[in-house]
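Worksheet: one structure, shown below.
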Amino acid sequence: MAEMAILKIGEEVYELPVIIGTEGERALDISDLRDQSGLITLDIGYKNTGSTTSSITFLNGEKGILRHRGYSIEDLAEKSSFIEVCYLLVHGELPTKEQLATWDEDIRHQTLVNEDMSNIFAAYPTGSHPMGQLVAMVSSLSSFYPESLNPNRTPEQQLHTIRRMLAKMPTICAMIYKKSAGHPKIYPNNNLDYVSNFLNMTFKHVTEDYEIDPVIVDAMDKLLILHADHEQNCSTSTVRIVGSSHANLYTSISAGIAALWGPLHGGANQEVIEMLEAIRNDGGNTEKWLDKAKDKNDPFRLMGFGHRVYKNFDPRATIIKKACDQVLTKLGIHDPVLDIAKKLEEAALNDPYFVERKLYPNVDFYSGIIYRAIGFPTEMFTVLFALGRLPGWIAQWREMRADKQPIGRPRQLYTGAVSRAYVPIEQRGAVTA
Ligand code: CMC
């Protein structure tokens, strides 16, 4: 018998079941509340609303815990590979050697994108933002693979669409980079692993060989793992809500990419580097910029700081900060913005404004410094976040379809004008708007 919570409004008493998750988290099930009482719940920005049950990712923001399918992010980042984490997220279990080999092989053989997609790229103005192109290109896949338009096909057909999405994403991301650089595209080389293939398509020039550096492959692999899923964030919730109307996978993912682009979400990684550069060009006075971030009349925020869920530390940021030092040392790079980032972090962590509001560096604070060391231009950073987040979006979309969840459709509390008579135009005052 489920534990019941009692809600008392005036003389009326309502009973609400308490649902308990596998990690002991408790939720009030309010799905019948409106039928019982006529009341809805109001929670602007979904700060305390669970939109779904899910068995993919567990996150405890107070303790800084992040686990995928039960495995800690620390273990996955250190011991796994991105392609294995993709399997884990989509299938729910770590693969056996054979399963991983088949998964890898199936994905490797679908990396080519239809040549006609190059014509779409050709139409974009040079210099247009890579994320706008990524949104369009991923949605375009639904036109090249019309069988994906029905998301309710057999599980094997659905998996085929999923593997295709995973396979083509690095190719599309690399094509976007080549377009921005004005260089001819490099076709996939299916002898290479997922990450090496992406780096090769991105950084190889048609006229020269490109030597794949294992330090860079490792760093990139780790960064992709660290972004692979993050439960019901803005972009993932978008993927779920778009997919809940039975929209196809490609278009649902494309909607998630659009949500990711915003500077409060994945777009923050680009903004962090731009902010650090601005501080450096301004003489490196971090106190001045902290004061700006604290000033409520100034729209500036300390980018890469704060999180809706993490209130102690972001475990991904801890791993990335360490990796950042290691990668730059191994590559023999000294980036002055890393010194500014560390100085800024230390000052913020000792400042009552940030301490009281529990604002800590998030995943985006140090990631851009590694991307930059690898050689990516700043505008590509959010594309790299999307490449990493792809398996998470896919797993969440697949889970929602498997659970046969209903269409997502929130309620609202109306605060506009009450019913009034239509006023013919000639009787309206001069200033009615
Ligand atoms: N700089 C200065 N003040 C901040 C910051 C910041 N980065 N973040 C939050 N605050 C203040 C905010 O002004 C508010 O203060 P007050 O209570 O006095 O009004 C308080 O802290 C709570 O902030 P909030 O905006 O209500 O918190 P939220 O949960 O709605 O927003 C956030 C979370 C991540 C959007 C926000 O912290 C932020 O804008 N951070 C900068 C952008 C960023 O780094 N985004 C990447 C997030 S991690 C990657 C991802 O998964 O998306």
Side-chain angles (χ1 to χ4, degrees), residues 43-49 56-57 59-62 64-66 68 73 131 223-240 256-276 278-279 286-321 341 344-371 378 381-393 396:
D43 178 22
I44 295 168
Y46 309 121
K47 293 196 173 192
N48 196 38
T49 293
I56 301 169
T57 290
L59 200 166
N60 180 321
E62 281 69 37
I65 295 173
L66 174 62
H68 299 315
I73 191 64
M131 284 296 279
L223 281 167
L224 294 179
I225 292 172
L226 290 170
H227 287 87
D229 191 43
H230 213 231
E231 52 119 291
Q232 307 314 315
N233 54 80
C234 177
S235 57
T236 303
S237 301
T238 302
V239 170
R240 276 189 177 257
I257 295 170
L260 186 77
W261 192 359
L264 297 191
H265 192 11
N269 60 11
Q270 172 177 343
E271 302 256 336
V272 169
I273 289 288
E274 286 169 359
M275 171 187 81
L276 295 173
I279 298 175
T286 47
E287 286 306 321
K288 175 180 159 191
W289 288 76
L290 280 188
D291 286 344
K292 262 169 81 61
K294 293 188 282 184
D295 181 354
K296 294 291 173 198
N297 297 316
D298 188 326
F300 173 74
R301 280 193 164 199
L302 195 55
M303 299 313 284
F305 253 72
H307 201 274
R308 170 64 61 79
V309 189
Y310 292 122
K311 296 298 169 198
N312 239 326
F313 66 95
D314 180 338
R316 304 167 301 172
T318 311
I319 302 171
I320 293 186
K321 185 180 179 187
L344 200 58
E345 178 187 354
E346 202 190 326
L349 295 183
N350 287 303
D351 186 309
Y353 174 96
F354 293 91
V355 176
E356 279 158 22
R357 290 169 179 76
K358 298 184 191 293
L359 302 171
Y360 297 87
N362 59 48
V363 68
D364 289 327
F365 196 63
Y366 287 102
S367 61
I369 298 175
I370 309 186
Y371 292 143
T378 317
F381 291 1
T382 314
V383 169
L384 303 172
F385 191 147
L387 179 59
R389 183 54 53 86
L390 181 64
W393 288 329
Q396 302 268 352

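First listed ligand is number 1; within each ligand, the first listed atom is number 1.
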Under a 3.5 Å threshold, yes or no: a donor from one side chain and an acceptor from the other, between Asp229 and Thr57? yes
Give the residue and atom name of whichever protein heavy atom lies nearest to atom 49 (C) of ligand 1, and the separation in Å to one decimal. Asp364 OD2, 3.3 Å
Using only atom types and a distance under 3.5 Å, with no angle test, would you say the side chain of Arg389 pairs donor to acceptor with the backbone of Leu260? no
Backbone, side chain, both or neither: what part of Tyr353 comes under 4.0 angstrom of ligand 1, heavy atoms only? side chain
Candidates Lys47, Met303, His265; heavy atom nearest atom 51 (O) of ligand 1 found on His265
Heavy-atom nearest neighbour in the protein, as seen from atom 7 (N) of ligand 1, with distance rounded to 0.1 Å: Leu302 O, 2.7 Å
Are Glu274 and Met303 packed together at the side-chain level, in the sense that at least one heavy-atom pair is separated by less than 4.5 angstrom? no
Among Asp314, Asp364, Ile369, Ile370, which one satisfies side-chain contact (heavy atoms from CB on, under 4.5 Å) with Ile320? Ile370
Side chain or backbone of Val363 under 4.0 Å from ligand 1, or both, or neither, by non-hydrogen atoms? side chain
Considering heavy atoms of the protein only, find what lies nearest to atom 34 (C) of ligand 1 and give residue, atom and distance to 0.1 Å. Gly306 O, 3.6 Å
Close side-chain approach of Ile319 to Ile73, heavy-atom, < 4.5 Å: yes
Can you confirm whether something in the protein, heavy atoms only, sits under 4.0 Å from atom 27 (O) of ligand 1? no
When the ring planes of Phe365 and Phe305 are compared, do they come out parallel, tilted or perpendicular, using 30° and 60° as the limits? perpendicular
Step-by-step salt bridge (charged side-chain N to carboxylate O under 4.0 Å, His left out) determination, Asp291 to Lys294: CA-CA 5 Å; Asp291 286 344; Lys294 293 188 282 184; 3.6 Å; yes
My understanding is that we take every heavy atom of each candidate and find the minimum distance to atom 23 (O) of ligand 1. Doing that for Arg308, Arg301, Arg357, which one comes out nearest? Arg301
Regarding atom 13 (O) of ligand 1: of the candidates Lys296, Lys311, Arg389, Lys294, which has the closest heavy atom? Lys296
Tell me: protein heavy atom nearest atom 41 (C) of ligand 1, and distance? Phe305 O, 3.4 Å
I want to confirm something. Looking only at heavy atoms, which of Leu264, Asn233, Leu359 is nearest to atom 35 (C) of ligand 1? Leu264
Decide whether Gln232 and Tyr46 meet the rule of one side-chain donor and one side-chain acceptor closer than 3.5 Å. no
Among all protein heavy atoms, pick the one closest to atom 47 (C) of ligand 1 and tell me residue, atom and distance. Asn362 ND2, 3.5 Å
Output the list of atoms in ligand 1 that are nearer than 4.0 Å to some heavy atom of Ala268, sorted by atom number. 43 (C), 44 (O), 45 (N), 46 (C)
